[in-house]
Each structure stands twice: as structure tokens, then as C-alpha cells.
Amino acid sequence: MNQKPKKSLYRYYMIIIAVILCLNFIVAPLIRSSRIETTAYSDFLDAIEEKQVENVQIENQEVFYTLKEDNKTYETGLMNDPDLVNRLEDAQATFTQVVSDTVNPFVYYLLTLLLPLIVFFWLGRRTFKKIQDKTGNESMSFGQSGFGFGNLGKSNVKVYEGNKTGTTFKDVAGQNEAKESLKEIVDFLNDPQKYKSIGARMPKGALLVGPPGTGKTLLAKAVAGEAGVPFFSISGSEFVEMFVGRGAAKVRDLFKQAREKAPCIVFIDEIDTIGKKRDGAGLTGNDEREQTLNQLLAEMDGFDGSDGVVLLAATNRPETLDPALTRPGRFDRQIPVELPDLTGREAILRLHAKKVKCSPEIDFNMVARASAGASGADLANMVNEAALRAVRDGRKSVVQKDLEEAIEVVIAGEQKKGTTISNKERMIVAYHEIGHALVAAKCQNTAPVHKITIIPRTKGALGYTMQVEQDEQYLISKEDAYHRLMIYTGGRCAEELIFNTITTGASNDIEQATKLARGMITRYGMSENFGMMALETVNNAYLGGDTSLQCSNDTAAKIDDEVISLIKKAHDEAYQILSENKMKLHELAKYLYEKETITGEEFMEILNRPACLPDVKS
Ligand code: ADP
Ligand code: MG
Ligand code: ZN
């Protein structure tokens, strides 16, 4: 656990004690002495003669007395005066002798002089530390001068001991391969002898790679929870400092601490912030980052498995990492933490659904099928959205409908309740959506339509058609891809066919269709003209998948031509399907227009029943 809070509490008490001591030994005597007037012994005797003395207190070799006329206290030195008692009796004064333990003058000076000095010195040191923590400047070099300011460059690393994170592998659903890999490391640390007796070397490090929200940080926390060894956790960005050399110092310190506590695990989250490829351009000067990385590489070489320090790291940009970092011997293992598949999604949904009250008849499999491409974080979010919706609707538990709505919220945004769309526009949207759905239904091997709605959403969609795959699809054939293109274009086709005009409503379809068509040609080798030539490379597999073209301008122009003709072909074919089924298109669109939301079953039922003659509008 983090040691800091304890320390600062301790300091807090120290300050209070120091202040009290200060008051006692410095301020109090000062106040006292200001009220006491020193007088001559003769004055004291005179006062007795005049019967002015009221009260006398003899303390050690000093006489404190008060007079009747004023409230002041006077002080004078005691003389050898055996007659004093009689005289005081005559003067009718009250008098006592106080015998206090004489304070050893050495102790007295120690307390009044040395203690404040120590307190001030200590306070100064504290302030210095604070400043130094803010600026992070090691080159202030006060540290070397023997004042004991030794922890410059300390990393703000979190140390967990035992099961302090409260997370275990049970909290991670799916990701079985990743868990398997990590379990081995945990096992190694818990019982190294088992491995050593065979001669197996402990892996030095493991790198968790995958898209955001897939549970990399969660997995690392689970490792911390499972391992019976200390777990150092730090984020890559915490190494990045304003001053050159400080990041490297932090790395050094981290590994020093780790080695002292071995066997242990060191986890660096978002390692790409320090592990980026070093570029040759020395003058652009990212010296600080390079130094930090170099230090990290050096530290990784400095220990081997037998030290019992295992390095874990996570990133969603493995392609930006310096090759030196990912070579075997540094991060021996790359553990992919991919987006969850169907079973994974279902497991994650079930896990998070345990935290909320759910009605027993929820079909998690269906929800998982409908949320293809969602990450673990998305799914956790969905369950929460569903719970919020249940509360909003005054239900005691989450029902299937809530979850389905939550998927739509995550995909398309909230329902826009207040917007009033003209009937004409709603009609167009209805035809557009039915256009998609009808083409989908007429193409083979496409996912069945699950739901169609023309309720507008906050993310801009005026309506949408939700298709849910029966099973997870890992491979998409050329035909499947082409069918998808047809479905994308189907909406626009319906507008053209029925209203003889086109609207902006298809902008997202166009974007998707273009992306898919380009991918088919440049990356999947699905075009006859280019064949299996890679024309584009993906820059970052896990973040959005940007691509960059790798071909001559001539080829680029040819690609564009091909994309155009491919989409055109899909469009024409979709148009063909719709014009052949114009009656059904009218019938379905009218039904959707009235109902606003229809299910896949309703859709299929109308589609499959013998055509009746609807009151056609146009
Ligand atoms: P990242 O891969 O970006 O580090 P996180 O580990 O931070 O993702 O995951 C974010 C959240 O998503 C977690 O706190 C958890 O609630 C949820 N989550 C992600 N993956 C899973 C999973 N496999 N099982 C359960 N919850 C998950
Ligand atoms: Mg993370
Ligand atoms: Zn559309």
C-alpha cells in the first residue's frame, strides 16, 4: 500500500508538538517576564516595612511578591535573611516557599535553544521538499550535500502488497488466453522452484496489447490481486517530466525499489508514452523521453528472471514502440487483449449484470450478438445505461428492453424525444430504412434484421436498421462484403425509387460504403485488376485503423475508379431488388411510418405474407 498518508499524518503531529513546545519554552517565559518587574531587595524590605506586601512566594533563590496597591508581580533575589519570616508575619503578608525541581541548565538550554532550531531546520527541509516536488529539479543538487535530501527523483509509484487491489481474475470475463499467460507468470512468482528445477527461465516481461477498453489495466490489476508478491504500478505518463533527466531518475528509482522487494511485479500502463520509437533527428530534441527510454532499456537488461522482477506493460499502440523494447529478452511475451468475441461479450455482460438487479429472463446471448465490435468497457457502460433506463422508467430491475435500448444509446445516441420531424421527412426516413432492410432480406448470408426504427437519435441518425448476426463472423467473403455494400446503398436507392430525389440522410451510409469498398480493393485483394497487391497499410491496428496509401499516383487514380464502379454496381443491384419488390417496399414503409419502431419478426412477417394491395401513396 501507499506509504504516503501515514507519513504526512506523522508529520502533522510533529508540527503540532513543535508548536506546543515552542509556546511553552519561548513564548510563555516571554509573556511571564513582561508582567514581572525586577526590583532591588531593599525595595522589597521597604515594602514590608510599609506593610504594603500582600503575598510572597519564594522559589529557589528568587522572591516573587505582589503589593496591595497594584496587581503587579515583582521579583527580586533572595538574600541570607533569617529574620524575614518574622518581618513578613508582622506585615501580615501571606507567604510560601515553593521548592521546584531545579531544571538542569543543560537540559534547559537544550529545550529552549536547540529544540526550536531543530524544528525550524525541519520545517525548512519540508518546504524545500515541497518546492522540489513541484519543480522536480534534481540538479538543484542540494541532495548531494549531506543534508539527507536523498529521495529526489522518487517515482510516484503505487505499491500494492498482497490482494490489495481487490481485483482478481474472476473480475475479468473472457480474455482466456491472456489470463492463461498471466497466470503462468503469477504461478512462477509464487513457486519459482517448480520452474527452476526444470531449468525454465522466468519471462522478463509481458506486454499487453489491444484496443482501448478491452481490459488491459483490469488484467494487470487482477495479476496484482492474484500474486502473493508486491506489485508496483505506474503509468507511462508519470515518467514524463519537465526537466531533463528526471524521468530517467524515476525509472532508476522504480527498479531499485523493485529489486529490494523482489520477487515482485512492475506494471507500466500506457507504456507507449515513454516507449515511442527513437528517431535519429537529434536536434529536434526529445532528449528527455529518449533518456527515459534508454534508462528503461538498461534497467531491463540489468535484471534477469532469477532476480524475481517481472515487468508487465500495457499499450494500445504497439506499432509505435521502439523495436529495442519489444525484442525478445526485454518483453519476451506479447499478450494480445483483443476485442471480445461473442462468448466473451456474453460473459462480460453477465459479469457486469451481476452488479445490477436484472430480471431473470434477459437473453444475454442476443444482446451480445447485437453488440458486435463493442469492447469490454462499452459493454460495462451498456449495462449501466440499461440500469439507468430502468430507474428512469420506475422499474425495480433491468429488463431485456433496457439492454437493447442501451446498445442503441451506445451506438446511435439517446432518443431525441422533443424533435418534431415533418411527416414528409418521416416518410422519407421510413422508406430509406426499409430500403436497407429489404435489400438485406433479399441478399443471401446477411445478418437478419433485428429492429428498424425511425425515432431520431442525438448522434444525428434519423432512423436506423439494426442487424444482428446469428454467430460471430471472423471471415468475410467477397460476396458478403459486396452484399454489405448493397445494403449500405439500399437506403439511398429507396429514396430514388420512390421520391425521385435524394437527400442528405445517406451520408453515413456513403461513408461506410466507401470505406468498405476501398478496403476490399486496397487491403483485402478483392479486385480483379489489382489482385493480391497491398495498396494500403494500416497505421494503428487498435485505434481507428487509419490507413495510408502505398502506391503511385497513377495507381491511386485507378483505385478511385475501381471504388467508384464497385459502389455503383452495388447500388444498381440494390436498386434492381427494390424495384422488383416495390409493393412490399410501400407496404413495409407504411407500416414502419405508423409504428415508428418495428421488430425483425414483424418485418419478416409482412415481407413473407402474400402481397395485399396497400393504398399506395405515390
Ligand atoms: P484498457 O484495456 O483500456 O486498459 P480497462 O482495463 O481500463 O481497459 O477497462 C475498462 C473497464 O472496462 C474495466 O474497468 C471494466 O469495467 C470493463 N472491462 C473491460 N474488459 C473487461 C473484461 N474482459 N471483463 C470485465 N470487465 C471488463
Ligand atoms: Mg488502460
Ligand atoms: Zn441509411
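First listed ligand is number 1; within each ligand, the first listed atom is number 1. For this chain, numbers begin at 1 and follow the sequence in order.
In summary, no N, O or S atom of E433 is located under 2.8 Å from the Zn ion (ligand 3).
Side-chain N/O atoms of T320 and D272 include no donor and acceptor closer than 3.5 Å. A donor-acceptor contact under 3.5 angstrom links the side chains of Q257 and D253, judged on distance only.
A donor-acceptor distance shorter than 3.5 angstrom exists from the side chain of D402 to the backbone of V399, with no hydrogens or angles considered.
By the 4.0 Å heavy-atom criterion, A314 is excluded from the residues contacting ligand 1. Taking a 4.0 Å cut-off on heavy atoms, P212 registers as neighbouring ligand 1. Ligand 1 lies nowhere less than 4.0 angstrom from a heavy atom belonging to K221.
Geometrically, K569 engages Y482 in a cation-pi contact defined by less than 6.0 Å to the ring centre and at most 45° from the axis.
With ring centers used as reference points, Y431 lies under 6.0 Å from F499.
Angle NE2(H436) to the Zn ion (ligand 3) to OD2(D509): 90° [nearest 10 degrees].
Between I348 and ligand 1, not a single N/O pair is under 3.5 Å apart. Looking at T217 next to ligand 1, an N or O pair under 3.5 Å apart turns up. At least one N or O atom of L218 sits closer than 3.5 Å to an N or O atom of ligand 1.
For D509 against H436, the heavy-atom pair with the smallest separation is OD2-NE2, 3.0 Å.
Closest heavy-atom approach to atom 9 (O) of ligand 1 among the candidates G215, A173, G376: G215.
Within the 4.0 Å heavy-atom criterion, neither part of V337 lies near ligand 1.
Applying the 4.0 Å criterion to heavy atoms of V172 picks out, from ligand 1, the atoms 23 (N), 24 (N). Close approach to T214 involves these atoms of ligand 1, each under 4.0 Å from a residue heavy atom: 2 (O), 8 (O), 19 (C), 20 (N).
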